[in-house]
There are 2 protein chains.
Amino acid sequence: MESVASAGRGRGPERKPEEVKSAARVLEVLELLGADGARLSLAEMAASMAVPKSSLHAILRTMQARGWVDLDPSGTRYSLGLKALLTGTAYLEGDDVTSLAGPVLDALAEETGEAVHLGRLDGTHVVYLAKRESRHALRMYSAVGRRLPAHATGLGKAVLAQYDPAEVQRRLDWPLERLTPDTVVDPEEFLAQLAEARLRGWAADDGENSVDIRCVAVALGSGQGEDAISCSAPKSRMDDARMEEIAQAVTEAAHSLSTLLKRLGPH
Amino acid sequence: MESVASAGRGRGPERKPEEVKSAARVLEVLELLGADGARLSLAEMAASMAVPKSSLHAILRTMQARGWVDLDPSGTRYSLGLKALLTGTAYLEGDDVTSLAGPVLDALAEETGEAVHLGRLDGTHVVYLAKRESRHALRMYSAVGRRLPAHATGLGKAVLAQYDPAEVQRRLDWPLERLTPDTVVDPEEFLAQLAEARLRGWAADDGENSVDIRCVAVALGSGQGEDAISCSAPKSRMDDARMEEIAQAVTEAAHSLSTLLKRLGPH
DNA sequence: TTCGATCGTTCAGAAGACCGAATGACGTTG
DNA sequence: CAACGTCATTCGGTCTTCTGAACGATCGAA
């Protein structure tokens, strides 16, 4: 065992300097199983991750022993385990914004009668943290944990409007993806919308991620939060006048929640 | 052919034979941060997990780089990251039972007007996988991902009633924990309740985990599933007669969902 | 300011995990 | 019925990560 040890940096193809290999693989497995419907065999995952089967085998064993992945009765197909669900919902419970938002969202949903969401910017996307259903029969689909492109949602635009155009340009993936015929993909038009939202105090979405759905959103905090709340409804129930009404209600709710957060934050 | 087969690790104090150390630690971090409100420093976690700080440091770095844990602006307090939420909700989307249950739960909630739950047995506890709110102003608190002791819930008893008394005895932690004055903690009484539930086809909970809440539950599948659906209401809205009515509705819903599952399962 | 405590971070030796090929167990096909 | 493809699993040698102690940064108090 001579082996002068040395730095060991020499040969690695493209390894990040400070990453624990097995740790990264555990997370990659969770993300892979979470991405699709997720029912993969060991061989499939090994191929997809470019990792030797034998190495992955030991990792999956560890994960299975702790309930983070489940294995078919046949013993050949992995899926996410219950621990993943428990930890995921714990994220919501441990989050100050989500915890405090409950009553505010209830009140806003009660006042408007429409679907209400709390969302957080995560890279180029927005994640729903909480929602309240509309009282009407005709409802939009949404779910906590769901991700939508930020540039095509009221929530995303409300948060992005807080930043400089240069910062926005840096944060998003260009060109912007088109989700519906009405999605704004032109950079200038998009930045103009953000400027308008900043002046007006609220951001809009007019069928840009779901056809026929309009949405009004306001960011929380004062210039540095990544969160926003919104109210959405079908166009048939939200003309321009109603949109202004709702915008005022959402603005008040956002202000009230921001105040709550500032009171509890510094503690 | 048993070859040389170097048998046991002579020296390891009490290490599981086949576990990847870093992998287990990643999962333990997630569980630790998910357990409480969860805002822990590196030193606190290292102490709580009995792991050297330096080892944990590298792991947390890896987790942070991938968005699985967040770090305070101050850089001294870790909490769960957004990836945890995304993966957790993916568990629900990838689950056949939860996905197919939607319409059935909607119908049952509509028919009874009361809170409806889908739950799964996980060790000694039951986890809520889906819920529908009551139409009434007086509601019970519940949340997807929440865990309750199986022995004190209708859902848990419905699932456990499928097993032999010996199997039940093996699965639960004795003595049974008392959650309310009405929680059944006597082993004989508990097993008698399960026997009754098996004969009758549905399990009951009468204020055993939440004072004043009654619940009717029926297991899915035919003798080997770990899932059940239930309907809960305050005692003021659920007398014995109403309970029988609701039991019939829940039984029909459970049967209908089981049929759906068998049709899609073998595929 | 100075001290002290607490925290995150770094580094070389020591321990353990990773890798690739070979094995056994299925289920499927010709 | 037998040969094949695919699957999970095992095994030692090599290389990575883990460890414990020392370092540096940060904050609060004296």
Side-chain angles (χ1 to χ4, degrees), chain A residues 1-29 33 39-65 69-79 266-267, chain B residues 1-29 33 39-65 69-79 266-267:
Chain A
M1 303 182 208
E2 69 243 271
S3 86
V4 203
S6 80
R9 208 42 49 63
R11 226 182 16 254
E14 306 192 36
R15 285 282 319 294
K16 307 248 176 84
E18 307 292 356
E19 267 217 335
V20 178
K21 209 187 292 193
S22 320
R25 284 173 177 176
V26 166
L27 303 179
E28 204 173 337
V29 165
L33 289 177
R39 209 142 306 191
L40 303 172
S41 72
L42 172 84
E44 285 167 347
M45 300 178 69
S48 158
M49 294 169 58
V51 161
K53 284 188 301 181
S54 51
S55 307
L56 202 54
H57 177 66
I59 292 189
L60 285 171
R61 234 220 251 254
T62 305
M63 297 177 74
Q64 187 193 355
V69 298
D70 288 338
L71 193 49
D72 274 2
S74 75
T76 185
R77 216 105 215 155
Y78 289 92
S79 57
H267 163 63
Chain B
M1 295 359 146
E2 40 210 291
S3 51
V4 275
S6 60
R9 301 280 180 280
R11 226 179 20 248
E14 304 193 36
R15 288 279 322 293
K16 306 242 175 92
E18 308 293 354
E19 267 217 335
V20 178
K21 209 187 296 193
S22 322
R25 284 169 178 180
V26 166
L27 303 179
E28 204 172 338
V29 165
L33 289 177
R39 208 142 309 191
L40 303 172
S41 71
L42 179 123
E44 285 167 346
M45 300 178 68
S48 158
M49 294 169 57
V51 161
K53 284 188 302 180
S54 51
S55 307
L56 203 54
H57 177 66
I59 291 187
L60 285 171
R61 241 231 246 272
T62 305
M63 298 178 74
Q64 187 192 357
V69 298
D70 288 338
L71 193 49
D72 274 5
S74 74
T76 186
R77 217 104 214 157
Y78 289 92
S79 57
H267 167 61

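- Closest non-hydrogen pair, B:Thr62 versus A:Ala23, comes out as CG2-CB, 4.1 Å.
- Atoms CD1 and CE, from A:Ile59 and A:Met49 in turn, are 7.0 Å apart once rounded to the nearest 0.5 Å.
- For A:Thr76, counting side-chain heavy atoms from C-beta on, the closest listed nucleotide (C:dC19, C:dA17, D:dA8) is D:dA8.
- Nucleotide D:dA8 holds its P atom 12 Å from the CD atom of A:Gln64, rounded to whole Å.
- Taking B:Ala47 as the reference, nothing meets the side-chain contact (heavy atoms from CB on, under 4.5 Å) condition, with sequence neighbours excluded.
- Remark: P of C:dG27 and CG of A:Asp72 are 13 Å apart, rounded to the nearest angstrom.
- Near-neighbour residues of DNA chain C inside residues 48-56 of chain B, defined by a heavy atom below 4.0 Å, number-ordered: B:Lys53, B:Ser54.
- Atom CZ of B:Arg25 is separated from atom CG of B:Leu60 by 11.5 Å, given to the nearest 0.5 angstrom.
- Put simply, A:Arg25 has no side-chain N or O that comes within less than 4.0 Å of OP1 or OP2 on D:dT17.
- At the phosphate of C:dG8, neither OP1 nor OP2 sits under 4.0 Å from any side-chain N or O atom of B:His57.
- Straight-line distance from the CG atom of A:Leu71 to the P atom of D:dT9: 7 Å, rounded to whole Å.
- Atom pair A:Leu40:CG and D:dT6:P shows a separation of 17 Å (rounding to whole Å applied).
- In this structure, the CZ atom of A:Arg77 is 11 Å from the C1' atom of D:dT6, given to the nearest Å.
- The backbone N or O of B:Arg39 sits less than 3.5 Å from a side-chain atom of B:Arg77, completing a donor-acceptor pair.
- Between B:Lys21 atom NZ and C:dA17 atom P the separation is 6 Å, expressed in whole Å.
- In this structure, B:Met45 atom CE and C:dT6 atom P are separated by 20 Å, rounded to whole Å.
- A side-chain contact (heavy atoms from CB on, under 4.5 Å) with A:Tyr78 is found for one member of A:Leu42, A:Asp70, A:Leu40, A:Leu56 and no other, namely A:Leu42.
- A straight line from CG of B:Leu60 to C1' of C:dC7 spans 13 Å, rounded to a whole angstrom.
- Between B:Leu27 and A:Met63, the closest heavy-atom pair is CD1-CA, 3.8 Å.
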